[in-house]
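The block underneath contains the structure these notes are about, expressed in structure tokens.
Scope of the values below: all heavy atoms of this structure, side chains included, with no hydrogens, waters or symmetry mates. Note that the coordinates shown come from a computational prediction; the quantities given were computed from them, not determined experimentally. Counting from 1, the numbers follow the sequence of the chain as shown.
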Amino acid sequence: QVQLVESGGGLVQPGGSLRLSCAASGSIFSISAMGWYRQAPGKQRELVAAITSGGNTNYADSVKGRFTISRDNAENTVYLQLNSLKPEDTAVYYCSADVSTRTRTRAYWGQGTQVTVSS
């Protein structure tokens, strides 16, 4: 059993910052890619940022220069630093991880954390 637990969402004013965390736990053999997605009301879930086990990163154009993804491989944790937040960043943010256990490799998802950017 593998679980991803997110934390760090909340309400912030435009221009503010938040830091999201996502910790994976359970019968984990290894984790390759980890990432953050978001879904705003009435919209499809979209990739925000991703990071490989080696530290290579990929960002959506809309967040480049404002968001930073990082990870702690020893703690099986991925972070997302959100700076210069805009109202259009309001969404539920989900973390995802490609986890290998002894028997299989598959993607796991967190439960989501709400980020609301409003004055």
Side-chain angles (χ1 to χ4, degrees):
Q1 185 77 9
V2 175
Q3 288 187 320
L4 272 61
V5 179
E6 298 134 339
S7 60
L11 172 64
V12 63
Q13 292 186 341
S17 297
L18 285 173
R19 190 187 194 215
L20 307 182
S21 300
C22 173
S25 63
S27 302
I28 298 171
F29 180 72
S30 65
I31 301 177
S32 53
M34 303 183 83
W36 289 93
Y37 293 72
R38 67 186 180 187
Q39 187 167 19
K43 294 188 177 182
Q44 288 188 329
R45 189 174 298 190
E46 62 174 356
L47 175 67
V48 176
I51 185 167
T52 67
S53 57
N56 292 318
T57 58
N58 181 43
Y59 295 92
D61 288 342
S62 59
V63 307
K64 282 181 181 176
R66 300 189 299 122
F67 292 6
T68 302
I69 189 170
S70 61
R71 65 190 280 175
D72 183 333
N73 290 332
E75 298 293 331
N76 291 331
T77 300
V78 63
Y79 305 95
L80 186 67
Q81 178 68 40
L82 297 75
N83 296 330
S84 303
L85 281 160
K86 305 175 181 180
E88 52 264 41
D89 294 318
T90 295
V92 179
Y93 284 69
Y94 299 89
C95 71
S96 178
D98 293 335
V99 179
S100 294
T101 63
R102 285 189 173 273
T103 57
R104 65 187 297 187
T105 299
R106 54 159 281 197
Y108 289 84
W109 292 86
Q111 80 284 357
T113 185
Q114 177 70 47
V115 171
T116 302
V117 185
S118 175
S119 55

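In this pair, F67 and Y93 present their aromatic rings tilted. The plane angle is within the 30 to 60° band.
Nearest approach of E75 to T77, heavy atoms of both residues: O-OG1, 2.9 Å. Of all non-hydrogen atoms in T105 and S100, the two that sit nearest each other are OG1-OG, 2.7 Å. The two residues N83 and S17 make their nearest non-hydrogen contact at OD1-OG, 2.9 Å. Scanning both residues, A40 and A91, for their nearest heavy atoms gives N-CB, 3.8 Å. Nearest approach of V48 to V63, heavy atoms of both residues: O-CG2, 3.6 Å. The minimum heavy-atom distance between S21 and W36, with the atom names listed, is O-CH2, 3.6 Å.
Y37 is listed as a side-chain neighbour of L47, based on a closest heavy-atom distance under 4.5 Å. Between Y94 and E6, the closest side-chain pair of non-hydrogen atoms falls below 4.5 Å. Using a 4.5 Å cut-off on side-chain heavy atoms (C-beta onward), R38 and T90 make no contact. For the pair F29/V99, no side-chain contact is recorded, criterion being any heavy-atom separation below 4.5 Å from C-beta on. For the pair L11/S118, a side-chain contact is recorded, criterion being any heavy-atom separation below 4.5 Å from C-beta on. Considering only heavy atoms from C-beta on, P87 comes within 4.5 Å of P14 through its side chain. Annotation: side chain of M34 is not in contact with side chain of C95 (no heavy-atom distance under 4.5 Å). Residues L20 and V115 form a side-chain contact, since some pair of their non-hydrogen atoms from C-beta on lies under 4.5 Å apart.
Remark: of the listed residues V2, I28, I31, D98, V2 is the sole one forming a side chain to side chain contact (heavy atoms under 4.5 Å, CB included) with Y108.
Here the straight-line distance linking atom OG1 of T57 with atom NZ of K64 works out to 9.5 Å at 0.5 Å rounding. N76 CG to C22 SG: the interatomic distance, rounded to the nearest 0.5 Å, is 10.0 Å.
For Q114, the CD atom sits in a packed shell: over 12 heavy atoms of surrounding residues, nucleotides or ligands are nearer than 6.0 Å. Around CZ of R106, the count of heavy atoms belonging to other residues, nucleotides or ligands within 6.0 Å exceeds 12. When the shell of 6.0 Å around CD of E88 is examined, it contains more than 12 heavy atoms from other residues, nucleotides or ligands.
Of the charged side-chain nitrogens involved, none lies within less than 4.0 Å of a carboxylate oxygen, so that K86 and D89 do not count as a salt-bridged pair.
Between the side chain of Y79 and the main chain of T68, no donor-acceptor pair closer than 3.5 Å is present.
Both V12 and L80 belong to a common hydrophobic cluster when Ile, Leu, Val, Met, Phe, Trp and Tyr are linked at side-chain heavy-atom distances under 4.5 angstrom.
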